[in-house]
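Residue numbers start from 1 in every chain, and the chains themselves are labelled A, B, ... in the order their sequence lines are given, proteins ahead of strands. Small disclaimer: the values here were computed from a predicted structure and weren't measured.
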Amino acid sequence: MKLKYELIKNDQSARLGKLKTNYGVYETPMFMPVGTLANVKTLTPEELYEMNSAIILANTYHLWLRPGEDIVAKAGGLHKFMNYNGPILTDSGGFQVFSLARKKDIIEEGVFFKSHIDGKKLFLTPELSIQIQNKLDSDIAMSFDECIPYPASYEYAKESTERTIRWAKRGKDVHNNSNQALFGIIQGGEYEDLRKYSALETVKIDFDGYAIGGTSVGEDKQTMYKMIDYAIKYLPNDKPRYLMGVGEPIDLLEGVARGIDMFDCVLPTRLARHGNAFTRNGRINLKNLKYKEDFNPIENNCDCYTCKNYTKSYIRHLITCDEMLGGRLLSIHNIRFLIKEMEEIREAIKNGNFKEFKEQFISKYKNGD
RNA sequence: GCGCAAUUGGUGAAGGGGUUAACACGGCGGAUUGUGGUUCCGUUAUGCAAGGGUUCGAAUCCCUUAUUGCGCC
């Protein structure tokens with residue numbers, strides 16, 4: 001089956017919903033950990049289930065290069081290949097248009113890349129991206145888009161946004177997997193009329209869900225929130241809305257407040273590998289000297305495996321010595337932190353006090369208590 | 001005991017009269033938003049074994065002492 005979204009409650013724009021997938025029913029708003037190369041770095045599926053994680057991400061571009069979509073198909077699809085019995089969303093490779101910016105050449109037909117592995121010249125098109133995702137057999141495929149850099153001129157943003165819409169149509173036309181949902185992606189850069197145009201045109205094509213892309217690419221927070229506001233009012237209520245690449249604890253709240261249902265971000269795992277942890281009182285850096293003899297958990301009342309079993313002093317030691325377990329333990333904590341945050345957000349929406357929850361959370365996170 | 005050589009930060013070291021003591025590692029701090037596990041940025045010796053001398057100017061030249069290494073009794 002394809003994805004089904006049911007809006008349960010709308011509390012002043014903050015939405016509580018239910019997402020029915022091939023691998024279970026999950027409540028939204030939700031946070032989706034990123035597992036680019038068919039694994040959430042350093043973590044096993046069992047560890048993800050224990051954190052109450054639902055959808056995870058994998059990346060078309062990366063899996064296309066290694067091991068190749070045919071290998072994954074031969075393995076029986078992405079779920080079997082990586083042993084994940086939960087829903088998987090595949091990013092289209094569109095973000096690589098942005099992140100590999102120095103090595104790209106965009107034409108109407110698609111994008112020329114130089115492989116980040118061996119420099120080989122590659123050509124990715126909207127059709128190819130969707131065909132690869134069909135083969136990977138993820139639960140949600142994403143349209144192939146261009147993530148517009150920030151800042152971008154109005155002319156460039158317009159040209160790129162229009163092209164992304166044409167690419168979305170082309171991708172939808174070849175999409176051929178009845179078990180897989182397909183999401184469109186809104187672009188438009190920082191420009192209000194382009195965001196509106198992108199939203200209206202993308203909705204016309206009719207997707208199973210809509211993503212807001214082109215955010216968290218270097219713009220300030222207010223600009224990012226505006227990018228959401230400009231587009232989201234034109235999206236249908238009965239489809240999920242996904243804010244791509246956003247995962248700072250405060251941004252999740254700001255996104256939910258604007259009607260976002262799904263988020264993904266590399267931040268919890270990347271920060272973990274570099275020794276940082278989310279806490280309700282703000283981010284901390286476990287490498288700091290002050291934790292050398294701190295034998296308390298990262299957070300006393302956190303229910304994650306790491307906090308139940310390990311001290312800051314020990315994690316600092318692991319990170320200092322470049323031991324992988326340090327990054328693993330922090331990844332567990334950071335992902336659980338964001339998932340728990342979303343659980344509490346859903347609870348607050350249910351109870352009708354999301355606004356208060358949001359204000360209290362942000363105040364504590366910013367001011368440390 | 002005599003001769004020769006060496007001594008520069010937490011570590012490995014460059015510099016053999018010219019002003020701010022290179023570089024690397026380590027340390028400390030920061031960054032990170034559709035992945036960077038190997039990344040990026042900042043900072044880290046008011047001082048060159050100690051003392052004295054020559055010179056406008058000394059880590060650099062000279063003397064004394066200390067320590068270390070090598071060789072010879």
Legend entry - Distance test, side-chain N/O of Asn59(A) to OP1/OP2 of G34(B), below 4.0 Å: no

Inset, instruction - Report yes if some heavy atom in the side chain of Thr311(A) is under 4.5 Å from a heavy atom in the side chain of Ile315(A); otherwise report no. - result: no

Legend entry - Whole angstrom value for the distance that separates P of G36(B) from CG of Leu330(A): 20 Å

Inset, instruction - Using the P atom as the reference point in each nucleotide, state the distance between U11(B) and A50(B) in Å, no decimals. - result: 15 Å

Inset, instruction - Establish, with yes or no, whether the OP1 or OP2 oxygen of U33(B) is under 4.0 angstrom from a side-chain nitrogen or oxygen of His274(A). - result: no

Legend entry - A45(B) versus G12(B) - spacing of their C1' atoms, nearest Å: 15 Å

Legend entry - Gap between atoms CG and P, on Leu89(A) and G34(B) respectively (whole Å): 13 Å

Legend entry - Heavy-atom donor-acceptor pair, Arg316(A) side chain to Lys287(A) backbone, under 3.5 Å: yes

Inset, instruction - Quote, to the nearest angstrom, the C1' distance that separates A59(B) from U7(B). - result: 11 Å

Legend entry - Lys20(A), NZ atom: more than 12 neighbouring heavy atoms under 6.0 Å: no

Legend entry - Rounded distance (Å) that lies between atom P of G27(B) and atom CG of Asp322(A): 9 Å

Legend entry - Who pairs with C2(B) - Watson-Crick or G-U, where each distance is under 3.5 Å: G71(B)

Inset, instruction - Please confirm whether any donor atom in the side chain of Arg270(A) sits under 3.5 Å from an acceptor in the base of U33(B), or the reverse. - result: no

Inset, instruction - Describe, in one word, how the ring planes of Phe278(A) and Tyr365(A) are oriented to each other, choosing from parallel (under 30°), tilted (30 to 60°) and perpendicular (over 60°). - result: tilted

Inset, instruction - Give a yes or no on this: more than 12 heavy atoms of other residues, nucleotides or ligands lie within 6.0 Å of atom NZ of Lys158(A). - result: no

Inset, instruction - Output yes when at least one side-chain N/O atom of Arg328(A) is less than 4.0 Å from OP1 or OP2 of G37(B), else no. - result: no

Inset, instruction - Using the P atom as the reference point in each nucleotide, state the distance between G3(B) and U65(B) in Å, no decimals. - result: 11 Å

Legend entry - Complementary nucleotide of C28(B), counting Watson-Crick and G-U pairs under 3.5 Å: G42(B)

Inset, instruction - Taking atom P in both G37(B) and G47(B), compute the distance separating them and give it to the nearest angstrom. - result: 43 Å

Legend entry - Leu271(A) or Ala58(A), whichever maps to the more 5' nucleotide of RNA chain B: Leu271(A)

Inset, instruction - Record whether the side chain of His62(A) comes under 3.5 Å of the base of U35(B) through a donor-acceptor pair of N or O atoms. - result: no

Inset, instruction - For G37(B), take OP1 and OP2 only and decide whether either is under 4.0 Å from a side-chain N or O of Lys41(A). - result: yes

Legend entry - Whole-Å gap separating P (G26(B)) and CG (Leu289(A)): 17 Å

Legend entry - Given G29(B), U33(B), U35(B), the nucleotide with the shortest approach to the side chain of Val246(A): U33(B)

Legend entry - Whole angstrom value for the distance that separates C1' of C28(B) from NZ of Lys287(A): 11 Å

Inset, instruction - May I ask you to check whether over 12 heavy atoms, not counting those of Lys80(A), lie within 6.0 Å of atom NZ? - result: no

Legend entry - Any Thr36(A) side-chain N or O less than 4.0 Å from OP1/OP2 of U35(B): yes

Legend entry - Closest listed nucleotide, where the reference is the side chain of Asn276(A) and the choices are U35(B), U32(B), U33(B): U32(B)

Inset, instruction - Name the closest nucleotide to the Arg283(A) side chain, picking from U32(B), U33(B), G34(B). - result: U32(B)

Legend entry - Euclidean distance for C1', A49(B) against G69(B) (whole angstrom): 15 Å

Inset, instruction - State the pairing partner of A66(B); accept Watson-Crick or G-U wobble contacts with both distances under 3.5 Å, and report none otherwise. - result: U7(B)

Inset, instruction - Go through the N and O atoms of the side chain of Asp145(A) and the base of G34(B), and report whether any donor-acceptor pair is under 3.5 Å. - result: yes

Legend entry - Distance test, side-chain N/O of Asn39(A) to OP1/OP2 of U35(B), below 4.0 Å: no

Legend entry - Side-chain N or O of Asn285(A) closer than 4.0 Å to phosphate OP1/OP2 of G29(B): no

Inset, instruction - Among G29(B), U35(B), U33(B), find the nucleotide with the atom closest to the side chain of Arg273(A). - result: U35(B)

Inset, instruction - Can you tell me the distance, in whole Å, between the CD1 atom of Ile117(A) and the C1' atom of G37(B)? - result: 15 Å

Legend entry - G12(B): pairing nucleotide in any strand, Watson-Crick or G-U under 3.5 angstrom: C23(B)

Legend entry - Closest nucleotide among U35(B), U32(B), G34(B) to the Ile185(A) side chain: G34(B)

Inset, instruction - Quote, to the nearest angstrom, the P distance that separates G52(B) from A14(B). - result: 28 Å

Legend entry - Atom pair distance, as rounded to whole Å: CE in Met224(A) and C1' in G34(B): 13 Å

Inset, instruction - Determine the Euclidean distance between corresponding C1' atoms of G16(B) and C62(B); express it in Å to zero decimal places. - result: 14 Å

Legend entry - Length of the CG-C1' vector between Leu37(A) and G37(B), whole Å: 11 Å

Legend entry - Cation over ring face, Arg241(A) and Phe183(A), 6.0 Å, 45°: no

Inset, instruction - Counting heavy atoms from C-beta on, name the nucleotide in G36(B), C28(B), G34(B) closest to the side chain of Arg316(A). - result: C28(B)

Inset, instruction - Would you confirm whether Asn134(A), through its side chain, and Asn176(A), through its main-chain N or O, come within 3.5 Å as a donor-acceptor pair? - result: yes

